[in-house]
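Remarks on the structure that follows.
Protein chains get the first letters and strands the later ones, always in sequence-line order, with residue 1 at the start of each. As a basis for the values below, the full set of heavy atoms in this structure was taken, side chains included, without hydrogen atoms, waters or symmetry mates.
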Number of protein chains: 2
Amino acid sequence: MESQARFQELQAKLKKSGYRATPQRVALLKIIAASTGHPSAAQIHEQMRRHFPTTTLGTVYKTLTLLKEMGEVLELEFSNVENRYDGNKPYPHLHLICMKCRRIIDPEIGPLGHVGAQVAKTTGYQIVGQRFELYGVCPQCQTTLREHLKVTSRK
Amino acid sequence: MESQARFQELQAKLKKSGYRATPQRVALLKIIAASTGHPSAAQIHEQMRRHFPTTTLGTVYKTLTLLKEMGEVLELEFSNVENRYDGNKPYPHLHLICMKCRRIIDPEIGPLGHVGAQVAKTTGYQIVGQRFELYGVCPQCQTTLREHLKVTSRK
DNA sequence: GTGCTTGCAAACAGTTTGCAGATAG
DNA sequence: CTATCTGCAAACTGTTTGCAAGCAC
C-alpha cells in the first residue's frame, strides 16, 4: 500500500529529526500520507477528532509547521481561503484548482524542473521551491454553471 | 513612456466599465501602471498618501478589487504575508520571489501558455488563470547569508 | 440631484503564540 | 525525571464589510 509506505517514511523522518512520536502526530501523519486531495488544516483536524476528540486546530498547525520545515509537506497558500497541504507528494508539481468547488488535482504533465534550473542559471538566484498552479472550472462545475445560467436567464 | 500608456489604458477601461474616475482612483492607477515591482496594498497606500493624505487602506483594497475583477491586475496571494499586486503586466507570467528580501521579479522565459492549453485538453477543465512561481534567494541575499554564516559559525 | 465612493471603524478568517498541565522517551 | 508536546484561549495580520458623509457625473 502506497500511503502506508509514505506513512512509515514520514514517521521515520520525524523521529530522525528528534521529534516525539505522540499519538496525535502519528494520526496526522497517517492522514496526510493517505490524502491525495490536498486537505486544509481544518479538514485534517476534522479527521483527527474522530480518533482524538480533544485535538485542537492549534496542534494541527504546529505539526504541519514541523513537517513543512522538514520539507515533507507542501503548503499551498491563499489569502482569503484556508491553505491546503500536500504530504503525499512533497516534491513540486502542477496543481489544478477548481474555482467553484475548490477541488485540487495533480494533472499529469511533463517535468517542470527545467524551468527552475534555467532561471537559476540566467538570474543567479538559488531556487528553493516552486509553485505552479492552474485555476479553472472542473467539468462537473461547468455543467452546474450551465444549468444555473439556463434557470436564471428565464426570469 | 511605457507606464504612461498603461495608465491611459487602465483609465479608459475603468470608465468603460462604468466606474467613476475619482482622484484617488486615478492616483492608484498611475502608481500600479508605473510599478514594476509588485507592490503590496500597504505600499500602494503609502505612495497614495503623499498626494492624498486622507486615503485609507480600505479604499485601496476596494479599488484593487475592481481592477482584479476587470482582469487588469494580478493578485499574488500569500497567507501570512501581504498579497502583492501586478498591474503593469496583467497577463500570466513567471514570478521569481526572494525568500529573504521578498523582492519579486519577472524572469524572462519562453511562453508558459501551452501548459494551460495542454491541461485543458487532457482534463476537460476550463482554464481561467494561472500562477507560476519560483522561490529562491537572490544573489545579494546569498552574499548576506554567507557573511552571516561566517560570523555566526565563529562562536 | 442621485447614486457611486470615500473614510472610518468594526468585523472577520485563518494562523500563530503563550502558558500551564500532561506525557514520551 | 525532564524537556517536549498538547489543549486552551487570547493575540495577531491582512483583508473585508457597513454605514454616514462627500463628491463625480
Side-chain angles (χ1 to χ4, degrees), chain A residues 10-29 31-32 38-70 73-85 102 104, chain B residues 10-29 31-32 38-70 73-85 102 104:
Chain A
L10 284 173
Q11 195 172 29
K13 289 190 177 175
L14 188 76
K15 286 182 181 170
K16 204 168 67 180
S17 301
Y19 297 113
R20 293 185 181 169
T22 65
Q24 291 91 331
R25 283 184 181 165
V26 172
L28 189 145
L29 293 189
I31 290 168
I32 63 163
H38 314 81
S40 63
Q43 288 169 337
I44 294 169
H45 180 219
E46 176 71 19
Q47 284 196 59
M48 288 194 58
R49 293 189 75 146
R50 292 181 199 157
H51 301 284
F52 297 89
T54 64
T55 303
T56 59
L57 247 187
T59 300
V60 172
Y61 276 114
K62 282 170 188 165
T63 306
L64 287 173
T65 301
L66 290 187
L67 294 169
K68 277 190 286 176
E69 285 169 358
M70 291 165 51
V73 156
L74 227 57
E75 180 180 51
L76 299 178
E77 294 182 53
F78 302 97
S79 70
N80 286 324
V81 186
E82 305 162 292
N83 293 347
R84 301 298 203 88
Y85 299 89
R102 285 267 141 203
I104 303 179
Chain B
L10 284 174
Q11 195 173 30
K13 289 190 177 175
L14 187 76
K15 286 183 182 169
K16 204 167 67 178
S17 301
Y19 297 114
R20 293 187 182 167
T22 66
Q24 291 92 330
R25 284 182 180 165
V26 171
L28 189 146
L29 294 190
I31 290 168
I32 63 163
H38 315 80
S40 64
Q43 288 168 338
I44 294 169
H45 180 219
E46 176 70 20
Q47 285 195 58
M48 287 194 59
R49 293 188 75 147
R50 293 181 198 155
H51 299 283
F52 297 89
T54 64
T55 303
T56 58
L57 247 186
T59 300
V60 172
Y61 276 114
K62 283 171 188 164
T63 306
L64 286 173
T65 301
L66 290 187
L67 295 168
K68 277 191 286 176
E69 284 168 0
M70 290 165 52
V73 156
L74 227 56
E75 181 181 49
L76 299 178
E77 294 182 52
F78 303 97
S79 70
N80 285 325
V81 186
E82 304 163 292
N83 293 347
R84 301 297 203 88
Y85 298 88
R102 284 270 142 201
I104 303 179

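Distances shorter than 4.0 Å separate some side-chain N or O of A:N80 from OP1 or OP2 on D:dT16. Between D:dT6 and A:R25, a contact under 4.0 Å exists linking OP1 or OP2 to a side-chain N or O.
At the heavy-atom level, A:T55 lies under 4.0 Å from the strands shown only through sugar-phosphate atoms. In this structure, A:T54 reaches the sugar-phosphate backbone alone: every heavy-atom distance under 4.0 Å involves primed, P, OP1 or OP2 atoms, never a base.
Nearest-nucleotide positions on DNA chain C place B:T56 closer to the 5' end than the other of A:V81 and B:T56. Judged by closest nucleotide on DNA chain D, A:T59 is the one of A:T59 and A:S79 placed further toward the 5' end. Between B:Y85 and A:P53, the residue whose closest nucleotide on DNA chain D is further toward the 5' end is A:P53.
Straight-line distance from the CD atom of B:E82 to the C1' atom of C:dA13: 17 Å, rounded to whole Å. Between A:K62 atom NZ and D:dT4 atom C1' there is a gap of 11 Å when expressed in whole angstrom units. What separates CG of B:L64 from C1' of D:dT17 is a distance of 16 Å, to the nearest Å. Taking atom CZ of A:F52 as the reference point, atom P of D:dC8 lies 14 Å away to the nearest angstrom. Here the C1' atom of nucleotide C:dC12 and the CG atom of B:L57 are 16 Å apart, to the nearest Å. Whole-Å rounding puts the A:E77 CD to D:dT13 P distance at 17 Å.
Applying the side chain to side chain contact (heavy atoms under 4.5 Å, CB included) rule to A:A12 yields no partners; only residues at least two apart in sequence or on another chain are considered. Not counting sequence neighbours, A:K62 has no partner by the side chain to side chain contact (heavy atoms under 4.5 Å, CB included) test. Looking at residues two or more places apart in sequence or on another chain, you find a side chain to side chain contact (heavy atoms under 4.5 Å, CB included) between A:S40 and A:A42, A:Q43, A:E82, A:R84.
One finds the OH atom of B:Y85 at 9.5 Å from the CG atom of B:L76 (value rounded to the nearest 0.5 Å). For the atom pair OG of A:S17 and CD of A:E69, the computed distance is 10.5 Å after rounding to the nearest 0.5 Å. The CG atom of A:N83 sits 11.5 Å away from atom CG of A:L74, with the distance rounded to the nearest 0.5 Å.
Minimum interatomic distance between A:Q24 and A:M48 (heavy atoms only, all atoms of both residues): O-CE, 3.2 Å.
Within the structure, side-chain hydrogen bond (donor to acceptor under 3.5 Å, both in side chains) contacts touching residues 46-58 of chain A (residues at least two apart or in different chains) are A:T56-A:T59.
Of the possible donor and acceptor atoms, none in the side chain of B:R25 sits under 3.5 Å from a partner among the backbone N and O of B:T63.
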Q) For every nucleotide of nucleotides 20-25 of chain D, 5' to 3': is a protein heavy atom under 4.0 Å from its base (B), only from its sugar-phosphate (S), or from neither (-)? A) ----BS
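Residues of residues 42-51 of chain B having a heavy atom closer than 4.0 Å to DNA chain D: none are found.
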